[in-house]
Q: 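One structure is given below, represented as structure tokens, and several questions about it will come after.
Note that the structure is predicted; figures quoted are calculated from it, not measured. Every chain is numbered from 1 and lettered A, B, ... according to where its sequence line falls, protein lines coming before strand lines. Because only heavy atoms are used, hydrogens play no part in the values below, and waters and symmetry mates are left out as well, while side chains stay in.
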2 protein chains.
Amino acid sequence: MAKKTVGISDVAREAGVSVGTVSNSFNRPDSVAPETRARILAVVERLGYVRSESARQLRTGTSRIVALLVLDLANPFFVDVANGAERTARAAGLGVMVCTSAQSPSDEADYIGLFTEQQVRGVLVIPADPTGRSLEPLRRQGIPYVVVDRLVEDAEVCSVSVDDVTGGRLAVEHLLAQGHRRVAYISGPAHLQQIRDRRTGALAAIAAAGLPPQTLHELPTVHMTIAAGRDAAARLLGLADRPTAVFCANDLLALGLEQALYAAGVKVPEEVAIVGYDDIEFASAVAVPLTSVRQPAAEMGRLATQMLLAEADAVGGEESAHAHQTVVLQPELVVRTSSLHRVG
Amino acid sequence: MAKKTVGISDVAREAGVSVGTVSNSFNRPDSVAPETRARILAVVERLGYVRSESARQLRTGTSRIVALLVLDLANPFFVDVANGAERTARAAGLGVMVCTSAQSPSDEADYIGLFTEQQVRGVLVIPADPTGRSLEPLRRQGIPYVVVDRLVEDAEVCSVSVDDVTGGRLAVEHLLAQGHRRVAYISGPAHLQQIRDRRTGALAAIAAAGLPPQTLHELPTVHMTIAAGRDAAARLLGLADRPTAVFCANDLLALGLEQALYAAGVKVPEEVAIVGYDDIEFASAVAVPLTSVRQPAAEMGRLATQMLLAEADAVGGEESAHAHQTVVLQPELVVRTSSLHRVG
DNA sequence: TTGAAAGCGCTAACAG
DNA sequence: CTGTTAGCGCTTTCAA
């Protein structure tokens, strides 16, 4: 039963060459005579030889997997980011380890610990810990990482994010252009920069239109889920001077809101217009399709991975000072039915 | 810049002990004097020592990560499976590498190759290759794996799946009970056992009701996505004797269908009743909530992981013949508005 | 309870 | 073009 695992030396013996030549036939094929190489490959095939990554890694000091730590795969937005990352990494011959921090800084720290022990090639992280302290081990171990979906000013780290101020502005500009003068902002945890930035953008749009800040009525949520969106609907309907338009901090909230409004007999967009955020696929799949601020999620994953690999190569190769960069992508408003109704 | 990475020998020297003792203080704490251990830990802390997994793995022959290969994270059903698996693995101190085969047998084969090279602890796989041939390398390498979401009769492998015949039966029984006598089945690729099983269940319900098989009108799709659901709606509406009820092979199809029907002015459930499959969160988040056959996705991920770890332990430990098992979970019908209207 | 030493399987010089 | 060889950092007997 205990069939001894076949190693490089077995192949060498069987092919009548040295282990070095076998190794070369894999890693520098050109330095091996074609005929020898063919013979080796045949033996590899016959014996079912499989390289041991752990041995290679121990030797070379670098693994062939990159880690991606997201907050929550239940939000399709993060799935899109993951897909973009996975495709890019695979194109480079690397595997991606997708993990979920569930927004928990301690889970995040655990995973970061795992990644350092694995000596992964690099990590893409959407930070759960606002202090950024949990990323410290990566820096200490010299493991490249890029922060995704968060703007990081620190010149010592790469980051890819989307301009949330613009996103918020686009959303509310659109609403104001439809004639709305009382807008609710169903938001999320105040400690999230994104939530603050989108509010800033929203207020900028309001100011630009010559309206008072009170035009925006914020309804914060804790979880930014569909359920939270339903709850927010109840609060919205309870408001004295009910807003005629709502800007939601993500599509999950918007979906929950739209459903609850429907259940309450409140017409969308006639009585309440809605704009969501992220433009997840489900946003366009409901009866009254959702207007949403589209974030280039897959593109973010792709770019982040490219930057990560570039940094990893720089570290691996020359000590050429890798220039950390901060990329900020632009969002885009996708107008659909949920906001298409002029008022006033 | 090139700060030499600190290894176990650095810790040993600094703590005035041998490397063996340092290793023991991690792996068999009880065999080390508490005082010695404390001293070592202090040094570890001070030096920021991190174990090298690759070295451990090379030595012990087994890694601390399990792989999960799903078809497509865009379907929340698979995300739920992944979450169940991830939680269970983490509880066991293992990391999970979630990968996507995009339904492509060749991508699947590539990933399986990666997993064998990594010598992962085990793999959970939702097969994309119906022949099961791409899993051969795992078997050859002696890497434990369990097949998820597919029934595998083979006594040589563990599998966890859900009873699709029952699922199909539940869905159509419900529809017939509402008085429907013409039911459409918006299905998927015929090579999928699930698609066939659900049809079998649907037909069984029809037969049990004393109705002819023609009662079921199948509309196959290629992709089982929201877009495919919209397309199917068009086909449905073009039918001569239009069915009054539709059973969809998954919720994505059902969502697309419901949206298209709404756009066409066809009332759900009054004119057409709908039952979906999977009970993803979004199914209950739309204006007319979807009746759906719930599959215990997270439970499947959890169970599969447990079985995998059990098998891995069996392999690692004694040669105690691990008893492969085939677990079949039961689905459950969740009735919501989309099917609540009596006809006839 | 601790130390010494033998590799795990591979890559990358360096010789030939 | 190919062979030899020295480790990569750790775990694990085996002695002391």
Q: Specify the separation, in whole Å, of atom CD1 of B:I8 and atom C1' of C:dG3.
A: 13 Å

Q: Do B:E108 and B:S134 have a side chain donor and acceptor closer than 3.5 Å?
A: yes

Q: Students often get this wrong, so: under 4.0 angstrom with heavy atoms, is B:T36 touching a base, only sugar-phosphate, or nothing?
A: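 It contacts sugar-phosphate atoms only.
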
Q: What pair of heavy atoms forms the shortest contact from B:D72 to B:F78, and how long is it?
A: O-CD1, 3.1 Å

Q: Within this structure, what is the CD-to-P distance between A:Q57 and C:dT11, rounded to whole angstrom?
A: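 Atom CD in A:Q57 sits about 12 Å away from atom P in C:dT11.
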
Q: Of the non-hydrogen atoms in B:P29 and B:N27, which two are nearest, and what is the gap between them?
A: CD-C, 3.5 Å

Q: Who passes side-chain hydrogen bond (donor to acceptor under 3.5 Å, both in side chains) against B:Q193, sequence neighbours left out?
A: B:R196, B:D197

Q: Check every strand shown and say whether B:G20 touches a base, only sugar-phosphate, or nothing at a heavy-atom separation below 4.0 Å.
A: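 It contacts base atoms.
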
Q: Give one of base, sugar-phosphate or nothing for A:S31, where a contact means two heavy atoms less than 4.0 Å apart.
A: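 Contact class for A:S31: base.
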
Q: A:L58 CG to C:dG9 P: how many Å, rounded?
A: 12 Å

Q: Step through the shown structure and confirm whether more than 12 heavy atoms of other residues, nucleotides or ligands are within 6.0 Å of CZ on A:R133.
A: no

Q: Need one value for A:S52: base, sugar-phosphate or nothing, where a base atom within 4.0 Å counts as base even if backbone is also close, heavy atoms only.
A: sugar-phosphate

Q: For B:R59 and for B:R39, find the nucleotide of DNA chain C with the closest heavy atom, then tell me which residue's nucleotide is more 5'.
A: B:R39

Q: Could you check whether A:F26 gets within reach of a base, just the sugar-phosphate, or nothing at all, counting any heavy atom under 4.0 Å?
A: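 Counting heavy atoms under 4.0 Å across all strands, no contact is made by A:F26.
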
Q: If I take atom CZ from residue A:R59 and atom OG from residue A:S52, how far apart are they, to the nearest 0.5 angstrom?
A: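 It is 13.5 Å, given to the nearest 0.5 Å.
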
Q: Tabulated below should be each protein N or O lying under 3.5 Å from an N or O of nucleotides 14-16 of chain C; please produce it.
A:
none

Q: Taking all non-hydrogen atoms of both residues, which atom of A:S18 and which atom of A:A12 are closest, and how far apart?
A: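 It is C-CB, 3.7 Å.
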
Q: Would you kindly compare A:T21 and B:V19 by the position of their nearest DNA chain D nucleotide and give the one closer to the 5′ end?
A: A:T21

Q: Between B:F115 and B:R121, is there a cation-pi geometry (under 6.0 Å to ring centre, at most 45° from the normal)?
A: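 The answer is no; the distance or angle limit is not met.
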
Q: By the 4.0 Å heavy-atom rule, please label B:N24 as base, sugar-phosphate, or nothing.
A: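 Here B:N24 touches the bases of the nucleic acid.
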
Q: With a strict under 4.0 Å distance from non-hydrogen atoms of chain B, what nucleotide opens and what nucleotide closes the contacted stretch of DNA chain D, reading 5' to 3'?
A: D:dG9 to D:dT12

Q: If you take all heavy atoms of B:A85 and B:V96, which pair is closest and at what distance?
A: O-CG2, 4.2 Å

